[in-house]
Amino acid sequence: MAATLNPSPVVFATPTSTPLTTQHEAKTMSKDSPPLVSFKHCTGLDELKQLHGQILKQGLNHNHSYISKVISTCAQMGTVESLTYAQKAFDLYKNDNETNGTLFMYNSLIRGYSCIGFAVEAILLYVELVGFGILPDKYTFPFVLSACTKSSAYREGIQLHGAIIKLGFENDVFAENSLIHFYGERGEIVDGRKVFEEMPERNVVSWTSLICAYARRDLPKEAVDLFFKMVEEGTKPNSVTMVCVISACAKLQELELGQRVCAYIGDLGMKVNTLMVNALVDMYMKCGAVDTAKQLFDECDDRNLVLCNTIMSNYVRLGLAREALAILDEMLLHGPRPDRVSMLSAISASAQLGDLLWGKWCHGYVLRNRLEGWDAICNAMIDMYMKCGKQEMASRIFNHISNKTVVSWNSLIAGLIKNGDVDSAREVFGEMPERDHVSWNTMLGALTQENMFEEAMELFRVMQREGIKADRVTMVGVASSCGYLGALDLAKWIYIYIEKNKILCDIQLATALVDMFARCGDPQSAMQVFNGMEKRDVSAWTAAIGAMAMEGNGERAVELFNKMLQQGVKPDGIVFVGVLTACSHNGLVEQGWHIFRSMKEIYGISPQIVHYGCMVDLLGRAGLLGEALDLIKSMPMEPNDVIWGSLLAACRKHQNVDMAAYAAERIIELAPEKTGVHVLLSNIYASAGKWTNVAKVRLHMKEKGVRKVPGSSSIEVNGKIHEFTSGNESHPEMNDISLMLHEMNCRLRDAGYIPDITNVLLDVDEQEKEYLLSHHSEKLALAFGLINTSQRMPIRVVKNLRMCSDCHSFAKLVSKIYDREIVVRDNNRFHFFKQGFCSCSDFW
DNA sequence: CTAGGGTTAG
């Protein structure tokens, strides 16, 4: 627009007509001329159009006072229609008078356009105004800057900053405040701060704008600090300030701080308006004070839509979907009428519950009220139908979306994964037009969840190659995969990577790191991360307790558990599993019973079947087989195959063949597909020398097509993970490994090692048994480790099954004869071998 | 004239 305009300055300072109050002006008006006050009583656009018509009819279009009134009144109505009309009136005025508008007209229009979000039009009008050589005034800058802010017109904003300085408005509080807001919304907070610092005088809006900027840029701490500084320096906060600072407290999730800030509301005798109630309810909910929030909500007379939406969305976020839907019910009965934001929460709530009825009802409401045009609603519905298991319905909605965003694709992928269709998810991932970090994180999470850890790490490497920035969520997935791989070098690299890239280490990520180090057999690092955490929730404690359990340090695990209770962290069912497992690894029968009983008696948590499983394991390992069986019989629920499996394992350790057979039969009844049972059962018979029974089990396995899960061990050397399976000789360095194994066997035999062939299931001759035994996967990995790692390095092996007792003795001796620390993680815990001893003291 | 609340996927 501006480019085609004549840039020569048109002096507009001379009015084309004198003010209305003068005699001259009065004469030009007919008797029926509408008085200017009639604009004040103008209620709608139609009325205004009539007034404008009268003015035109009376030939008053040259009178800028009238036309200015028309334009400004129109613009203030703030609708697209009214602005279009204002623009028309403006153009007509300019045509009839062969001149430009007045500054006041420009200001009115710019403000109006900015208000309805037509920022480009507002900026173009400014350009036009300057093009005509009209000098902007102090009213112009706030309007046009707010337009720049809304349309992210960065270059224009910067130019305006220049103009403000050039035209001598840099000491104008309003212009400067608008600049602070502009920079703040752009994320250029340093520039905003600079403007703020250089202001000769500031008012409450200057402070508030900067506080708001910090709060929005995820620097809530700075926002709150600035608030205190503001009060200290004697500027009284108003309700807007309070809304901003309370939202900062919500982000910090610090209830006490929030309450301290709120104290100013009462101290200053501030009236609490709806926006403040809303901010308060939001803050309390984000800080975990759900009851306080609900109370405030209930006491609020003005249940407006936003307030309802705030409480609903928070309920959904907290996983309280039922409560969210209760609010919706309330709204449907007594108002306010749910809008698309309410429905977004309602659809998410239905998704969370997997409640198809509610979901379908929401879908219907959306259609009846024509809310479906909004992307977010459709995306939420994809998620909802997927979570309700209605893949087809979800896909249908996806296909009907005309404007598919990356979120639509991500919802589809996540949904496919939830329905167990990882292959399709991978396919869609490959097809989608653009991928954002959520897409990558979703896939990474899926691979981790599906135990495809190496694939997950590979995907992470692809991310690196493609320059996708990893964030917290990425690293949680990566850390978790690494933990399962048990690759300590990789773990250390990940830890450094997070520090180097300044990835925010929140509770979840720190917890993932604790777990990762624990699974990689480095409990020291795990505890170091844990001790460095600022806040610890029950999951964090669970990870630390798990680290101790895996190390076999039951006493320390129980200690940690007690410390957690002391610090007032409420235990959940999961942490009890952790601590009871720790007890069972160390035979802490008394403490285990004590903790188990406290579950219900003190914490009101009814033990679930897993907790009984832990106890059966604890009693069984300790040799209290009768007590274990009694517990199983006293359980309030039917024992499952896992429970009997624990008992079976215990029977094997303590050589109770009869009870073992009983337990095994129960398992085969409950879960005939469980291959491990057959193997274990034959092992029991084998170790008792009952070869007829072994043959029977083997026959049964053959008939059912059950195959033993092959033992596999992996070892990380120079960042690469080498995997060995029992008896598989495909590794490229197999020759060296065989030679090494032979040498090891010789040296060990000289030291008095006798292979414990009771672990060999097959009924073959002694020599062959020895051969099979000497090729157990962990032995291959050990030999490989001895060849390929330096003397001072511990050898770390990860095994998928439980270590057999022969390999256990073997590793003990190797650790002594080769003077090497050996760390083996089996599917249950760690074994640290050193100088002929194992950390488990042979109790595992 | 400038500043303020609720919004889907991992």
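Everything quoted here is computed from the prediction, not taken from an experiment.
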Q) Is any side-chain nitrogen or oxygen of A:Lys418 closer than 4.0 Å to OP1 or OP2 of B:dG10? A) yes
Q: Report which part of the nucleic acid A:Asn107 touches: base, sugar-phosphate, or nothing (heavy-atom distance under 4.0 Å, all strands).
A: nothing
Q) Out of B:dT8, B:dT2, B:dG10, which nucleotide sits closest to the side chain of A:Val438? A)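 Side chain of A:Val438 sits closest to B:dG10.
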(Q) Taking donor-acceptor contacts at under 3.5 Å, does the side chain of A:Asp383 reach the base of B:dG10? (A) no
Q) Near DNA chain B, under 4.0 Å by heavy atom, which residues of residues 212-221 of chain A? A) A:Cys212, A:Arg216
Q.
If you take any heavy atom closer than 4.0 Å to DNA chain B, which residues from residues 399-411 of chain A end up in contact?
A.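 Nucleic-acid contacts, sorted: A:Val407, A:Asn410, A:Ser411.
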Q. With a 4.5 Å limit on heavy-atom distance, are the side chains of A:Phe141 and A:Leu160 in contact?
A. yes
Q | A:Thr442 and A:Phe429, any side-chain heavy atoms less than 4.5 Å apart | A |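 With C-beta onward as the side chain, the pair stays apart.
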Q. Between A:Tyr139 and B:dC1, do the rings stack, that is, sit under 5.5 Å apart with planes less than 30° off each other?
A.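 Stacking is absent between B:dC1 and A:Tyr139, given that the ring centres and planes do not meet under 5.5 Å and under 30°.
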Taking only Lys NZ, Arg NE, NH1 and NH2, and the carboxylate oxygens of Asp or Glu, determine whether [X] and [Y] approach each other closer than 4.0 Å.
X        : Y        : answer
A:Arg461 : A:Glu458 : yes
A:Lys286 : A:Asp282 : yes
A:Arg426 : A:Asp421 : no

Q: Answer yes or no on whether A:Lys404 is positioned over the face of A:Phe398, meaning its NZ or CZ is under 6.0 Å from the six-membered ring centre and within 45° of the axis.
A: yes
